[in-house]
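The block underneath contains the structure these notes are about, expressed in structure tokens.
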Amino acid sequence: MSVSAIGTGAAAILARERWEARRRWSRAALAYLVMLLFSLVFLGPLLFAALSSVKTDPLAYPPKLLSPQLSPANWAAAASLGRQGAGAPLWGGFAPGAAVTFELTYFVPDGLTAEAPSANVPRRRPGGGLGAVQRITYAADYAEVGDVVEVARRAADGGELVTYRVQVGYPGAGPTIDRLPLDVQSPSREQRFVSSTLPPTRLERLGLVASYETITPGALGYLLGNYRRVFTEARSVTTGQSLFLRWTSNTFVYAFFRVLITLAIATTAGYALARLRFPGRNLVFLLVLFAQMVPTQVLFVSNYLVLRDGIWGLSSLWGQATLLNGLPGLLFVTALNAGPVFIMKQFFESLPREVEESAMIDGAGYWSRFSRIVLPMARPALGALVILAFQGAWNDFFWPLVILTTPEDVKTLPIGLLTFRNVYGNSGDWGLILAGAILSALPVIVLFVVFQRYFMEGVSYGGGKE
Amino acid sequence: MRRSGRELLPALLFLLPFLAVLVVFFVYASARAVYFSFTDYDLFNAPAWVGLENYRALFRDDNFLYALRNSLVFAAVVTTVQTAGALVTASALNRRVRGMTFFRSAFYMPAVTSSVVITLIFLWLFQRLGGVNYLLTAVARNAPAIGAFVLITVIAQTLQVWGERRRWRGAAAGSKRAVAALDPALLVVSLLVAAGATTVLGLLGHLAPRGTEAIAINWLQTRQEVPAGAPFPLRAPLPLVAIMVQNAFTTIPTFMLMFLAALQDVPRSYYEAAALDGANAAQQFFHITIPSLQPVIFLVVSLGLIGTLQMFDQVAIFGSAVPLQSVITLAYFVYNRMFPGAQLPEVGFASAAAMFLAALTLAIVLLQRTVLRAEGDR
Amino acid sequence: MRRLFTAAMVALLAAIGTAGAQTIVRVQGYGGQDPAIVQRLIDEVIGADLAAQGITINYEPIETDYNTVLVNSLSAGTAGDVFYVPGETAPGFIATGKLLALEDLVDTSAFIDTLNAVFSKDGHVYGIAKDFNTLAVFYNEDLFDAAGVAYPNADDDWTSFADKLARVAALDPGVYGACIAADTARLGAFAFANGWTTFGADGGVDLTSPAFAEAFDFYSGLVTSGAAAQPADLGAGWPGDCLAREQAAVAIEGAWILGFLRDNAPNLQYGATFLPKSPTTGLSGNYLYTVAWAVNADSKVRDAAVKVLEALTSPAAQQFILEQGLAIPSRKELADNPYFSQDSAEARANKVVFEGASHGNVYGFQFGTIGTDYMGPINNALTAVMTGSVGSGAALSQAQSDLTALLQRAAP
């Protein structure tokens, strides 16, 4: 508020203040609007992918935000069917003694006699790809499909809507089976499928056959079908263990050790470069700068061969002829990470020397000065470093791609996802790929939400993605 | 010198783990890459010295020329877009309003997830029948409504600004108000007016969506390059454009945060003073924001160039979904010749390409340093 | 009865005796649909017999790019003892010296000679073909019926075939006559029909000859005319996927599609017939695809590995694979198989694939030591023309010069 304003009348001042107030809240409102728009841009693809990951076919066009999987009415139907199938309203299944009642409605145009469709339980393998190696029990071998009977009939525009009911039972003893697929074939294309207790997975043969992956999914099985497949379908050939779980634990182990190694190397080397004077110091520092700039792919030819030969046979000391296809090799080669060294050097240089110098007078050696005085003061930087290293390891792509190739059990999550993409992308099965992608991102997102401050600090150190 | 000698032993001990790794995986690896680049080597038979033959062969190889072009175009476009995008978003968000931390975290979300996750999601969105084409179709079909909204906003804003300026032109110096073209107080009114008017027009049926055909651009399985008329070195294949969009999407938030952190240090009084002097938003941006951010811009451009010149992940993840030449980069070329699949590895050829990539990266980063430094000194 | 009992006892004792000292043989093969069949082959057909000999199989399917993994693991010494060697990359693998010569260890005369030739060099046989495949036209009967168009048949030539596809495509905007990938592995078969060969008499490649250009125009024309779509246009990974999802009425594939259809489209009503004939020569063409089992020359359990290879290519194993609808046996004796006369869509399709090997101009799917890199320039040309960015003349001359450069660099 400028001084000359005093000269004007009180009313003018008041008007001006009102104007300024209006400007302030307008500016805030616009800021929120802009932020909302940005959120939409930056989070939109992730949220859209998350919503679509529950769909049977995320490539269905036009894409919709909501799918039958997100409708509470279908959850209720799925829960009830799951109870009928295996007494399991949540995850469903098909167990001995089950009696599942399923209804379908057809439109029969005027002049056509309604005829019961035929139903059967096909020997359909769930999904393709990685699941193909498993021996599965087919519901078809145990299910008994009852007669299809008409239960209701009401008039509709230009014809009638006829509802049929079919019962699928599980007589006798046997294993509990995950899913109960069903195919229902209309007697003619004119008698058109309209709806059923649960929407069909797909309509086949130009609408003639309504096909269901399973008619006893249970509520969660219906909503999270793709997520369940991520865990159940891809299994290790040798152990039968879920590959996705294996990849997740591999990634955790890798990230854990990578954090330890990064901390150890970055603090010691950073300290030496920041505080100690020795011949060749500038050369080492120059190498750090170069190592940060030279693309990994330049070094990878030689590094791949060094690892292949177990670092000149060093690894045979602990019984490994090669360091390929294992986490140790990955940890060795990714230990070359000059970024954190650089960050720690900068940080140590920013610390006041006086504290250390007073300790030096007390006769403390280099190591105790480092571990007792400098490291505790570096706690905030170390926090950011831990987070950066963890995130880097969790998302690491190039070296795991090169080193971890076979068997599937040795892979980390990003490389495992690539396997999903190759195997399921080939049959257009994007539901499972998206579900796997979302699941694999969760740990880092949780970590991010909890430790936001450190992430932001990491960025301000000039890090970003390491 | 005496002191430096005394500290040599402790320094060596402190540096030992790092030096071991550095020597084996960097110094030795670089030296061996140089050696391999002069040999013919397939991993099975001993390397044979061929002199400069590999380097000569590089420029006769179609895939390499595509890789070189793609890498350069990608680095140029993405570095520009991400730096500009991050700058603009950062200055738009440089406000002290409640809930800002929440929003900042939200924007950063794409950057914390792995490149594989984001690339897979974008690969899905860029399918022929995917989200991107659907969005384009929706925009094209609703062009009347969008156009009406924008038009009404502009008209309302112009009228208001003109009215306000006229109203205050004759006022005494003390009560004079600077009315910027995008004055927030007026813009809010304009937007509300436009939203209301568009809704009414829509309800009256004047803005019915156009029945244009669905846009179905083939983003992936195509050799099409844009812009169509440009010479080869200036064109970008469509699949590469898809990767550019994805890459800018993930890097803008990171760089935006770096800019925001730096912007917090620019005193608010600069902006207030400028506003009192009647500087508009654009003038403030170019005369205050950019000069104060000079060092950070320098850092962001360096990181951006290094990152984009090394682009690899997306090419590997897109894989067979796109023609190789439409996305291949120098980094992927090296990998592809080391692990060709269809034939035995061409280690020497791969190494020659790797040396070229290293030289190119260093040259571009050094060039950028000199250019930006010179600009800063002016 | 008594003899049987004694034999069983002996086998049992042998099993007990060796239970503690089973030799483990690592077997590597493709991923995808293949493991389901191979695992069953091991479990149900050959496993028990090998176990009695003290051999256990550790089976490791490879989901990522098979050839790359094999090269790397061979160079690292981590490759399996027995593994697939694809015909198209066999010359490269033989050149590594890591494949065991088998002619003295296995009776190679029991296998079809042309298949042995694919895996031979300088008189040595480095792989035993496990099966072979050719291309056939697989069609969705419902879609042809709905469009009122006759099914494709052995008498079709390119013109009548394209005409049928166009009429099916006219049925519905969401349905295409065929699903066609920009893939030399399909186009080549049509060029063969016209008398073209992978390498000319002088060892060079001629892509600008009328024989090749005509086939190229026919094949890419299916897409540019709108009669066919590329898999990516339909959100599919490969033509078999389009067929399974009923988005296309025709896919040109081999018998590998049968297992996929069984799992993914069990309700599909399909038929199979020979590839259409060239209107110029009146002949059809085809690729002969084959994959061999080979033994690692560095294997520490070489004898056991050879036994496993013999079991994997035994008549019982091949009969089993055939009946799973995965591939056609490579043993001469199995050519006259009662399976082929069964009345099922799968058996009929397998018969067409089997007979495809002797139907018109058939050549192996092999490209010398540059392997499938050969296909790169041609695939590029196909993609460019199919998406309408270049004309076929320019695309072909570009492909010709790229391929020539590639061959020059590979030449020693």
Side-chain angles (χ1 to χ4, degrees), chain A residues 4-5 7-8 12 16 22-23 26-31 34-35 38-39 42-43 45 48-49 59 61-63 265 268-269 271-272 276-279 287 291 293-295 297-299 301-303 333 335-336 366 391 395 397-398 414 417 421 430 433 437 440-441 444 448 452 459-460 462 464, chain B residues 3-4 7-8 10-11 14-15 17-18 21-22 25-26 29 32-33 36 92 95 97 103 105-107 109-110 112-117 120-121 124-125 127 129 131 134 172 174-175 184-185 188 253-254 257-258 261 299 306 310 312-313 317 331 334-335 338 347 350-351 354 357-358 361 365:
Chain A
S4 59
T8 55
R16 189 182 174 116
R22 183 178 150 197
R23 248 183 141 166
S26 304
R27 191 175 280 140
L30 282 178
V34 169
M35 284 189 285
F38 282 177
S39 307
F42 288 122
L43 291 181
F48 183 43
L59 282 181
Y61 194 87
I265 291 187
T268 49
Y271 180 73
L276 305 180
R277 298 282 165 270
F278 57 94
L287 284 177
M293 252 187 278
V294 170
Q297 286 79 15
V298 174
L299 308 168
V301 175
S302 166
N303 289 349
V333 73
L336 174 71
Y366 288 98
Q391 189 202 354
N395 296 339
F397 182 73
F398 181 74
L417 281 181
R421 177 235 173 285
W430 276 92
I433 301 175
S440 85
V444 174
F448 171 65
Q452 274 179 51
V459 172
S460 63
Chain B
R3 181 164 173 238
S4 95
E7 289 191 330
L8 179 61
F14 270 102
L15 279 172
F18 180 64
V21 174
L22 191 71
F25 293 119
F26 182 71
R32 204 145 70 127
F36 279 146
R95 306 250 159 79
V97 290
F103 282 108
S105 309
F107 305 151
M109 202 68 97
V112 293
T113 48
S114 70
S115 61
V116 179
V117 170
L120 282 177
I121 290 176
W124 165 68
L125 288 173
Q127 297 283 320
L129 300 175
Y134 179 72
S175 58
V188 166
T254 312
L257 285 182
M258 294 173 70
L299 180 68
I306 295 176
Q310 296 185 15
F312 173 89
D313 300 10
I317 297 164
V334 176
Y335 174 84
M338 182 69 184
V347 181
S351 300
L357 172 61
T361 311
V365 171

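All values reported here derive from a predicted model rather than from experimental measurement. Here is the naming used below: chain letters follow the sequence lines, and residue numbers restart at 1 for every chain.
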- Message: Could you tell me if the side chain of B:T361 sits less than 4.5 Å from the side chain of A:V294, heavy atoms only?
- Response: no
- Query: Do B:F103 and A:F38 touch side chain to side chain, with heavy atoms closer than 4.5 Å?
  - Reply: no
- Contacting region of A:F448 [heavy-atom separation from chain B under 4.5 Å]: side chain
- Message: At a 4.5 Å cut-off on heavy atoms, which part of A:Y271 comes close to chain B: side chain, backbone, both, or neither?
- Response: side chain
For [X] against [Y], the heavy-atom pair lying closest together:
| X | Y | answer |
| --- | --- | --- |
| A:A335 | B:V21 | C-CG1, 3.6 Å |
| A:N395 | B:T113 | ND2-C, 3.6 Å |
| A:I265 | B:P17 | CG1-CB, 4.1 Å |
| A:P295 | B:A358 | CD-CA, 4.3 Å |
| B:A11 | A:F278 | CB-CD2, 3.3 Å |
| A:S302 | B:A29 | OG-CA, 3.5 Å |

Measuring heavy-atom distances to chain A, does [X] have an atom under 4.5 Å in its side chain, in its backbone, in both, or in neither?
| X | answer |
| --- | --- |
| B:L125 | side chain |
| B:I306 | side chain |
| B:F36 | side chain |
| B:S105 | both |

- Report the residues that fulfil ring-ring contact (aromatic ring centres under 6.0 Å, His included) with B:F312, sequence neighbours left out, ordered by chain and then residue number. A:F398, B:Y332, B:Y335
Give, for atom [atom1] of [X] and atom [atom2] of [Y], the distance between the pair rounded to the nearest 0.5 Å.
| X | Y | atom1 | atom2 | value |
| --- | --- | --- | --- | --- |
| A:N303 | B:F26 | CG | CZ | 10.5 Å |
| A:L299 | B:R32 | CG | CZ | 11.5 Å |
| A:L59 | B:W124 | CG | CH2 | 8.0 Å |
| B:L15 | A:L276 | CG | CG | 8.0 Å |

- Task: Apply side-chain contact (heavy atoms from CB on, under 4.5 Å) to the pair B:V334 and A:V298, showing each step before the final yes or no.
- Result: CA-CA 8 Å; B:V334 176; A:V298 174; over 6 Å; no
- Please state whether the rings of B:Y134 and A:Y61 are parallel, tilted or perpendicular, taking 30° and 60° as the class boundaries. perpendicular
- Message: Is there a side-chain contact (heavy atoms from CB on, under 4.5 Å) between A:S440 and B:V117? Walk through the geometry before answering.
- Response: CA-CA 8 Å; A:S440 85; B:V117 170; 3.3 Å; yes
- So which of A:S39, A:A28, A:A29 has the largest heavy-atom pair count under 4.5 angstrom toward chain B? A:S39
- Task: Sort out for me which of A:A272, A:P62, A:A291 touches chain B most, counting heavy-atom pairs under 4.5 Å.
- Result: A:A291
- Message: Main chain of A:R277, side chain of B:E7: is a donor-acceptor contact present, judged purely on distance under 3.5 Å?
- Response: yes
- Message: Let's test your reading of the structure: which of B:V347, B:I317, B:V365 forms the most heavy-atom pairs below 4.5 Å with chain A?
- Response: B:I317
- Note on the structure: Looking only at B:A350, B:A33, B:S351, B:P184, the option with the highest number of non-hydrogen pairs under 4.5 Å against chain A is B:P184
